Amino acid sequence: MQLPTKILLRTKMSPLLFFFLVLPLLLESKAKAIEAGDNCSLITHQITGKIGGVINYSSRLGKEQKVAMEMAVEDYFRSSCSKQLTLQLEDSGGDSSRVASATTELISSKRVQSIIGAMTAQETGLFSEVDMNMKNIPIISLTSPAITPPSMPYQLPYFLQMSNHITLHMQCIVDIVGHFKWRKVTALYEHKNGFSAYSGIITLLSDKLKVVNSEISYHSDLSSLSSISNPEITIEQELIKLRSKSNRVFIVLVSSLELAILLFEKANQMRMMEKDYVWIVTDEIASLLDSVDSSVVNNMQGVIGFKTNFARTRDTFKLFKSRFRKKYGSKYPEEEEYSNPSIFALRAYDATWAIARAMEKSQGKITSKELSGNILSSNFEGLSGTVRFENNVLWQSPSFQIINVVGNSYRVMAVWSPKFGFSQSEEKYNGATANSSLKNLGPVYWPGGMPSTNPRGWAISDADIPLKIGVPAMGAFKQFVRVTFDQTQNATCVTGFTINVFEAVVKRLPYNLPYVLVPFYGTYDEMVEQVYRNGLDAAVGDTEIMADRFQYVEFSQPYVDSGLVMVVTQKAETSHATWMLKTFTKKLWLLMIAMHVFIGLLVWLIERGNNTEFDGIGTMLWFSVTIIFYAHRQPLTSNLSRLVLTPWLFVILIVVASFTASLSSAMTVSRLEPSVLDIETLQRTNAPVGCNGNSFIKPLKLDMLKQHSLWSLMQESSLENTAKVTPKQDLPSSSAVLALCFQRVHLWLLTSRRQPSKL
């Protein structure tokens, strides 16, 4: 009886044991189903949304975007099982025609409700003229940066761009160029898909560079790799052209990663990654440096650039990065080591979520207009930052990391924002941490090795045509310009003060200025005319700025004082006997005599009746004389006479002091008086005048004096000849040179060599 009992007990316990054994397997299976999204199939199989994608499967950028979009759909399954979302992807192959055909296929055959892709506004606008359906479906472009043609809001009302506006990128470039004070740059951009979609960037950058006194000296239009048969030869030819020019600052504005890799590989081989070269890359390349191998980084040593800054320390990004690396490595095992997601993968992920959220807002069938409105009203925190649109462009307040490629990676030198400029802090910007420059942010490792002084941005190039700078070879004053011939070197030498000033200015220019000095054997006016007629590119010398010359050429700021002066003979000196009389004027002398006589007469009339000392006219006259020297001996008895005499004694004191000072000055200081005071005197006396025959003074004086029959105008062509002109020189008019006309600075040179008395 016991045996059947035991068998019965085992039979009753078997279902319980089976339940506990199977339960873990069921839970594990359920978890896997949830992870794979199979739990949504238990609730609904209704397809509520279709998203299309047109990306380049063969490019690194397209691979990241493809993986990110697939992950976004999977994550949407996990977060909401009430609706189902499908993703339809097409390969563009990097070709514009395939982009158009793939977009048409998604709209017409697969009936997608929205498209995410790497198409520009210009491309989409052209395609919409062929297929009108493109105008009626929301399209989110992943191209960076965002370019908004003026006609886009009317031609493509449902076209959105998941990137920052191009003006922010240009402003960051301008601030970098302005900080290092490069006056000329060379811009390179990829002519993608056969369209000139990015040619407007050159105009925009050129306008922005004017703010920092810089300009684009040359721009290169590079064809995309898919459109040329032999990319290496094409890149080499373009680099040879760039190397032949003097500018050494190259800005890669728009380029695919693949073209940039080839560009820097060839530049390194052609020794264009060495000292004095500057390479600047934009966000499109800098943000993908974490996704390339060490060989690419080695070819980019010393490159500076900027990449979009985002929150890399958040838990959501860390989780996404871990999953992304795993999935990307499984799909592309050859790139597993470099499988970090870039900002472009994050934006593709956020764009997919923006469409999914927009579809969720509507119940039942949704129109394109309603879907586009829901996308535009998006406002959520994504992996790339705040997802919000304004004027159909991603609205963010971005910041860029300024990077410098060094070693096997790069270092972050600063963080730039459009509001605060450069800052060392990567945290939230504030007025205390923001800086206006890159000062004190550490050394910059330029191409060529160790950090050094900032490159000038230019170098001497054999292809540059030197400017022809004319110099006056027949000037009278050789201290300014002296033209000599060196027989030992068989070359013409040009020296002088103006040449030294010119060479000093050229050395301080932030760019190369090739030139050659050309002696000009003619007048100054003829030299100015040659500049006007392009016989000379410029002229350097002691050239006066005249109103008639200013009509034809432009002048620099004058660096010496100029003007027209005359050197005339000294007026004959008067004898020493007359100095005393010339102390006062004739009228003052007569007034003093009259007042002395009058005061003496007045005192005599008052004192005559009561004072016996004032008898006779002789006493009155003697009193008038002695009072000047305070030597009068006649006492005054009347108060009225004292009242009259007191102020007069004060006047005599002042007159005597003035007379003494004037007489002392006349006896101790030599007085040089010119024989001619002004040009009117020359005109009135028809006097002979001498001047430098090559100077502007000759035609000027002829115009001023020709109506007064001044025919004896001398022409002295050198400083030595001019200094020899004396009043004894014979002239056709049998007279003497009365005046010599000079420029003020020339007179200073002349007087420094000759005593004034010899002129």
Side-chain angles (χ1 to χ4, degrees), residues 60-61 64 144-146 162-180 251-255 257 260 264 278-292 296-297 300-314 316-318 320-321 324 338 340-347 350 382-386 394 396-430 432-447 451 454:
R60 169 70 193 206
L61 187 62
E64 289 191 14
S144 179
M162 193 70 180
S163 57
N164 300 120
H165 201 270
I166 180 65
T167 55
L168 300 176
H169 293 237
M170 296 298 104
Q171 187 59 50
C172 185
I173 294 175
V174 168
D175 285 354
I176 295 175
V177 173
H179 169 74
F180 294 107
I251 303 176
V252 184
L253 290 175
V254 178
S255 172
L257 179 63
F264 284 105
V278 177
W279 290 87
I280 302 175
V281 297
T282 57
D283 183 44
E284 194 172 11
I285 300 173
S287 289
L288 292 173
L289 289 180
D290 293 320
S291 307
V292 297
V296 176
V297 177
M300 298 178 64
Q301 293 296 300
V303 172
I304 60 176
F306 62 92
K307 55 182 297 187
T308 302
N309 191 24
F310 58 91
R312 295 176 172 81
T313 59
R314 291 190 305 179
T316 53
F317 172 74
K318 292 179 180 179
F320 173 82
K321 179 180 178 180
F324 181 91
Y338 308 98
N340 292 318
S342 66
I343 183 64
F344 308 111
L346 305 185
R347 286 175 177 169
D350 290 341
L383 293 175
S384 62
T386 302
L394 185 64
Q396 287 180 347
S397 182
S399 62
F400 297 119
Q401 291 180 332
I402 310 301
I403 65 170
N404 182 204
V405 180
V406 182
N408 294 326
S409 183
Y410 59 85
R411 70 182 189 92
V412 179
M413 297 190 298
V415 178
W416 180 91
S417 72
K419 186 176 182 180
F420 296 110
F422 298 107
S423 172
Q424 288 179 300
S425 174
E426 295 190 25
E427 304 299 328
K428 186 177 180 180
Y429 285 90
N430 54 70
T433 61
N435 299 309
S436 59
S437 67
L438 284 169
K439 295 180 180 179
N440 302 322
L441 298 184
V444 180
Y445 290 80
W446 300 106
N454 297 332

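Everything numeric in this text was worked out from a predicted model, so none of it was measured.
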Where [X] and [Y] come nearest, the two heavy atoms and their spacing:
X: Met300; Y: Ile285; value: CE-CG2, 4.3 Å
X: Ser144; Y: His169; value: OG-CE1, 4.1 Å
X: Lys321; Y: Asn340; value: CE-OD1, 3.3 Å
X: Pro398; Y: Pro418; value: O-CD, 3.4 Å
X: Gly382; Y: Arg314; value: O-NH2, 2.8 Å

- With sequence neighbours excluded, tell me which residues meet ring pair (Phe, Tyr, Trp, His ring centres under 6.0 Å) with Phe264. Trp279

- Message: My understanding is that only residues two or more places apart in sequence, or in another chain, count here; which of them pass ring pair (Phe, Tyr, Trp, His ring centres under 6.0 Å) with Phe317?
- Response: Phe310

Could you work out, with side chain to side chain contact (heavy atoms under 4.5 Å, CB included) as the rule, every residue matching [X], not counting sequence neighbours?
X: Thr386; value: Asn379, Glu381, Arg388
X: Val297; value: Val292, Gln301, Val405
X: Asn404; value: Ile304, Val406, Arg411, Met413, Val444, Tyr445

- Query: Does the Glu64 side chain pair with the main chain of Ser342, one donor and one acceptor, at a distance under 3.5 Å?
  - Reply: yes

- Message: Donor-acceptor pair, distance only, cut-off 3.5 Å: does the side chain of Thr282 make one with the backbone of Leu253?
- Response: yes

Rounded to the nearest 0.5 Å, how far apart are [atom1] of [X] and [atom2] of [Y]?
X: Ile402; Y: Ser423; atom1: CD1; atom2: OG; value: 11.0 Å
X: His165; Y: Ser163; atom1: NE2; atom2: OG; value: 9.0 Å
X: Cys172; Y: Lys307; atom1: SG; atom2: NZ; value: 13.5 Å
X: Asp175; Y: Met170; atom1: CG; atom2: CE; value: 12.0 Å
X: Arg312; Y: Leu346; atom1: CZ; atom2: CG; value: 9.0 Å
X: Leu61; Y: Ser291; atom1: CG; atom2: OG; value: 9.5 Å

- Query: Step by step, would you call Asp283 with Phe306 a side-chain contact (heavy atoms from CB on, under 4.5 Å)?
  - Reply: CA-CA 5 Å; Asp283 183 44; Phe306 62 92; 4.1 Å; yes

- Query: Which is it for Leu168 and Gln396 under the side-chain contact (heavy atoms from CB on, under 4.5 Å) test, yes or no, and what are the steps along the way?
  - Reply: CA-CA 11 Å; Leu168 300 176; Gln396 287 180 347; over 6 Å; no

- Message: Applying side-chain hydrogen bond (donor to acceptor under 3.5 Å, both in side chains), can you list everything that pairs with Ser384, at least two apart in sequence or on another chain?
- Response: Asp350

- Item | Verdict with reasoning, Thr308 to Phe344, per side-chain contact (heavy atoms from CB on, under 4.5 Å) | CA-CA 10 Å; Thr308 302; Phe344 308 111; over 6 Å; no

- Message: Is there a side-chain contact between Phe422 and Ile176 in this structure, where contact means two heavy atoms from C-beta onward sitting under 4.5 Å apart?
- Response: yes

- Look at the aromatic rings of Phe400 and Trp416 and report parallel, tilted or perpendicular, splitting at 30° and 60°. parallel

- Message: Set out, in order, the CA-CA distance, both residues' side-chain angles and the distance that settles side-chain contact (heavy atoms from CB on, under 4.5 Å) for Val412 and Asn309, then state yes or no.
- Response: CA-CA 11 Å; Val412 179; Asn309 191 24; over 6 Å; no

